[in-house]
There are 2 protein chains.
Amino acid sequence: MLDQRHARRGDATEDLGKAEATRQSILAAAARVFRADGYAGARLSDIAAKVGMKAGSLYYHFDSREALVEAVMDLGLKQTHETVAKRLRALPPDVGHVRRLEVAIEAHLELVLAHEDISSATIKLIWQVPAQIRERQLADQRAYGALWRKLLTDARKAGAIRGDVDLSVVRMAIMGALNWAADWYKPGRMTPRQIARDIAAMVLGGLAGEPKNKRK
Amino acid sequence: MLDQRHARRGDATEDLGKAEATRQSILAAAARVFRADGYAGARLSDIAAKVGMKAGSLYYHFDSREALVEAVMDLGLKQTHETVAKRLRALPPDVGHVRRLEVAIEAHLELVLAHEDISSATIKLIWQVPAQIRERQLADQRAYGALWRKLLTDARKAGAIRGDVDLSVVRMAIMGALNWAADWYKPGRMTPRQIARDIAAMVLGGLAGEPKNKRK
DNA sequence: GTCTATAGTTGGATAGAC
DNA sequence: GTCTATCCAACTATAGAC
């Protein structure tokens, strides 16, 4: 039963498994190259080299350069959305609205700053890819945006956050503050968690006034 | 004295004047095209068409595509820096630190959202251009960053803002919140000034607690 | 200063061997 | 599934006419 042959097997399971594994390596390599060199600068040959193949071979797995970048971004968005949602679900039901926002901010930022991660590549790519891809991607992001919108409107309904600011503006401002970090962050001086804590403190508590103490 | 001849004049003033005017139109057109299509998507022929010339003619004014994009970005950064600085200088000397931050936030955002403006193109381009250009650009941005750093450290020294957050993180988070707007903002529902006010309210006052009243 | 024409590259995409 | 070879389109950049 434990047939060792691996060539020429009709067994679709193994073939699909192998192709799928290669596909995943390509996506990871593509994320790194696109992230580092930008959409314009990334060459298929660079991506192929990273997985030990030649440029032409990529076409067995993806229809085109654009299909590849889109697959990377789909995965990145899915990853971010699912991780943040999971983190929120894991909270006890009696957790306050402000704390929930804080958790979401931390989770999102940690994904953004994950070293060479697909999520962070996605964020950097969104404004670099051709308009058509971007439109589709932005449409998909609405679902993730809805998660944040609900977080904010629930908080407001409960009286946990101020009522004199537009929640769409606030939501985009938070996204900007977090996503921008993908560009300036260099590992070393601070951890993603520390940064998340400071941004959350600013967003939720505000800079003005407050204790003058050094960080606890 | 008022020599009307305009051809073959040795007079450097007029020649420079004309060339300079054309140069400015090209920069404005380039900003719009680069902003709309991204660094990768923008074609020299598109830019040339916008000023009513052919692609090849651009080379009389700029050495290369890269020189052109760099000139756009230099101008954009300078514009932003100078405008924000001027707005701050115009304030009465006794204005509080928090108010000064608010003014800087408003000024920066208004530039970012200026319709088809060179400043907003610059922001979008920074992570799209080749690494070498980006490095030079980021170096130039340090001077502008210094303005914000001083704004924040002065405020902290005066006890006007909380002491438990890292000011570099705060600075970059503010930049992110503001710059991101270049991407999502669509004129219509809100004015740049309203958006600036909401972001400033969040950054300075925080979302948590506060009045539940509708915007005044 | 701008045009036309074209040289020169680059890199995405395809075909067929293995 | 991957390779080699090649085609082909796109676009930057240059040369010389006007």
Side-chain angles (χ1 to χ4, degrees), chain A residues 5-27 29-30 33-34 36-72 125 128-133, chain B residues 5-27 29-30 33-34 36-72 128-130 132-133:
Chain A
R5 280 178 306 153
H6 52 281
R8 204 175 313 264
R9 283 183 65 179
D11 186 348
T13 306
E14 178 168 282
D15 287 354
L16 276 174
K18 183 165 177 226
E20 186 53 30
T22 306
R23 198 184 141 92
Q24 292 303 321
S25 330
I26 294 173
L27 284 173
V33 175
F34 277 127
D37 301 341
Y39 178 71
R43 282 164 302 191
L44 291 187
S45 52
D46 293 337
I47 295 169
K50 264 214 160 50
V51 291
M53 52 169 69
K54 296 304 172 75
S57 310
L58 292 176
Y59 285 82
Y60 178 81
H61 301 277
F62 295 93
D63 285 345
S64 67
R65 171 193 170 80
E66 303 200 346
L68 176 55
V69 81
E70 199 162 358
V72 168
L125 288 171
Q128 301 188 23
V129 294
Q132 204 177 358
I133 296 179
Chain B
R5 280 178 306 154
H6 53 279
R8 202 175 315 261
R9 284 181 65 179
D11 185 351
T13 307
E14 177 169 282
D15 287 354
L16 277 175
K18 178 157 179 235
E20 185 54 29
T22 306
R23 200 185 139 89
Q24 292 304 321
S25 330
I26 294 173
L27 284 173
V33 175
F34 277 127
D37 301 342
Y39 178 72
R43 283 165 302 188
L44 292 187
S45 53
D46 294 337
I47 295 169
K50 265 213 160 46
V51 291
M53 51 169 68
K54 296 303 171 78
S57 311
L58 293 176
Y59 286 83
Y60 178 81
H61 302 277
F62 295 92
D63 286 346
S64 66
R65 170 193 171 84
E66 302 199 346
L68 176 55
V69 82
E70 198 162 0
V72 169
Q128 300 188 25
V129 295
Q132 206 177 356
I133 296 179

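By convention in this document, chain letters (A, B, ...) are assigned in the order of the sequence lines, proteins followed by strands, and residues within each chain are numbered from 1.
- With a 4.5 Å cut-off on side-chain heavy atoms, A/Leu68 and A/Leu44 count as touching.
- Minimum atom distance to the side chain of A/Ser64 is reached by C/dA13, of the listed D/dG1, C/dA13, D/dT2.
- In this structure, CD of B/Glu66 is placed 11 Å from C1' of D/dT12, rounded to the nearest angstrom.
- Counting heavy atoms from C-beta outward, B/Gln24 and B/Leu27 have side chains that approach closer than 4.5 Å.
- Among all heavy-atom pairs drawn from B/Ala71 and B/Phe62, the shortest one is CB-CE2, 3.8 Å.
- With DNA chain C read from its 5' end, the first of the two nearest nucleotides for A/Gly41 and A/Gly56 is the one closest to A/Gly41.
- Regarding B/Leu44, its CG atom lies at a distance of 16 Å from the P atom of D/dA10, rounded to whole Å.
- Remark: B/Ser57 is in phosphate contact with C/dC3, judged by side-chain N or O atoms under 4.0 Å from OP1 or OP2.
- Residues B/Met53 and B/Thr22 form a side-chain contact, since some pair of their non-hydrogen atoms from C-beta on lies under 4.5 Å apart.
- To the nearest angstrom, C1' of C/dG1 lies 10 Å from CD1 of B/Ile26.
- Protein atom CG of B/Leu58 is 10 Å distant from nucleotide atom P of D/dT12, rounded to whole Å.
- When the P atom of D/dA10 is taken as reference, atom OH of B/Tyr39 falls 19 Å away, rounded to whole Å.
- In the set C/dG12, D/dT14, D/dC3, the nucleotide with an atom closest to the side chain of A/Arg65 is C/dG12.
- With rounding to whole Å, B/Tyr59 atom OH is found 16 Å from C/dG8 atom P.
- Heavy atoms of A/Ala40 sit nowhere under 4.0 angstrom from any nucleic acid atom.
- Here C/dA15 presents its P atom at 16 Å from OH of A/Tyr60, a figure rounded to the nearest Å.
- Here C/dT2 presents its C1' atom at 10 Å from NZ of B/Lys54, a figure rounded to the nearest Å.
- Minimum atom distance to the side chain of A/Lys18 is reached by D/dG1, of the listed D/dG1, D/dT12, C/dC3.
- For the pair B/Ile26 and B/Leu58, the minimum side-chain heavy-atom distance is below 4.5 Å.
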